[in-house]
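So the structure is just underneath, and the comments pick up after that.
Position 1 is the first residue of the sequence; numbering continues from there. All figures in this text were calculated on a predicted structure; none of them were measured in a lab.
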Amino acid sequence: MPRRFTDANALLNDLLDRYEGGAASPIAHPDYDAFPSVVAADAFMKQIARAEEVGAVGVGWGRGARRDQIAHVRLLAVEPLYPHLGRVPASQIAREAGTRLVAGLVLDGRLGEAALSITEAWGRAKSWHGFASSDVDKLRDAFALAQAILDHKHLEVDYRTFSRRTVGDSKSLERVEGAVVRLLGGILEFPPGARPREALRTIGLERFAPPLLIAGRIDLGDADLSQISSHYLGIAPKEADRVRFREAPAYLLTIENFASFNRHIAEADPERRGTTMYVGGYPSLATQQALREIAEMVSPATPIFHWSDIDPDGTWIFHTIERAVGRPIRPHLMSVELAEQAGQVPPRKAAPARCPPGSGISVLSAYLAGESAKTLEQEELDPILPDLGAVGEAGSESRAGEPKRSL
């Protein structure tokens, strides 16, 4: 629909807005039916006439009974219109903001390219993920924080301390964490469906590391826990090297979901034949390091399994743990067969983890990349013991287990 105005300044500014957005010769129209009075219409025409006199716009006139009315106003030249309106070009504002954005920062080349792209968007009077050129100082903090992460200054530092040390404001990261993740998204690998705080947690930046929950025939350091009937043990991930196995576990199993973790140790393995660990969704860097230490304590012949949702995030978590422990792991209750039997096609598609052909999750990842692939939450399945026998094709367990039916 044609753009119609009763305010001449609003019309002229709209022409500039659309020009800065990419329109070559934008046109706008007076809204004669909406003028409150003849005096207001006359004032409108006089303001347009002054813009026409400086060569900024051209006027098209009506015909017949409306031949004395302006039919449309077309932008002819922006150079005289900016000073006429007392307005600074978006391109100039963008250049100045772009300079302030990176001034004094030593940035990775890929962050530098992002800064140029943002400046170009501002030059077209566009925002970048909600950040306008007027938000340059806030976004500058995001660049500084992103670079500090690439420089590994975030490791073993909590959220607010990292933010304070980097930009002098302990709460800045919380305000711009989404922008930080977007800036790093093309450089680091983040979970496809994670919220910004979850994504940063996977690379070691979190408020404080959550405890690692572990169930099995274990002791902690010199403490004999054999007489304690606790359901499971919660330790700081940094204390993983204090875990002691009373006897070799039949398997190691990591589980994404807290309910599934509790059900597995209570229903599938109450005798603690294996050692089961809850990774807390997307495993933090501290948790990944703890899993590596625990995996190194058991025999190379001890099978390691992971149980997640059958969906793209589940494959990402699986592959992350696989890389963290540095040895092959098997999917538990994560198979194409289970997805086809009990899953549903999701309303939105997401990309599964990118993993090499030798990965234990490669078959499921390839399946989930298909248009008709189904997904399944792990809570829909009753827990069973992992299959300790031979592994089938490309990491698919020979016994998948039966899905739990809805109640």
Side chains of Q92 and R95: do they bring a donor and an acceptor to under 3.5 Å?
no
Hey, what do you get for CZ (F131) to CD1 (I118), rounding to the nearest 0.5 Å?
9.0 Å
Angle class for the F261/Y278 ring planes (parallel below 30°, perpendicular above 60°, tilted otherwise)?
tilted
Minimum-distance pair of heavy atoms, taken over all atoms of T254 and I321
OG1-CD1, 3.7 Å
T119 side chain to A115 backbone, donor-acceptor under 3.5 Å:
yes
Suppose we screen for side chain to side chain donor-acceptor pair (under 3.5 Å). Which residues come up paired with R140, at least two apart in sequence or across chains?
none
How about R273 and L388: do any of their side-chain heavy atoms sit closer than 4.5 Å?
yes
Carboxylate-amine/guanidinium contact D382 R263, below 4.0 Å
yes
Would you say the side-chain atoms of T287 and S284 include a donor-acceptor pair closer than 3.5 Å?
yes
Is there a donor-acceptor contact under 3.5 Å linking the side chains of D31 and T6?
no
Do you see a donor-acceptor pair shorter than 3.5 Å between the side chains of S127 and H129?
no
When you check the side-chain N and O atoms of S260 and E379, is any donor under 3.5 Å from an acceptor?
no
If the condition is side chain to side chain donor-acceptor pair (under 3.5 Å), which residues does D169 pass it with, not counting sequence neighbours?
R175
State plainly whether the residues R160 and E174 are in salt-bridge range, i.e. N to O under 4.0 Å.
yes
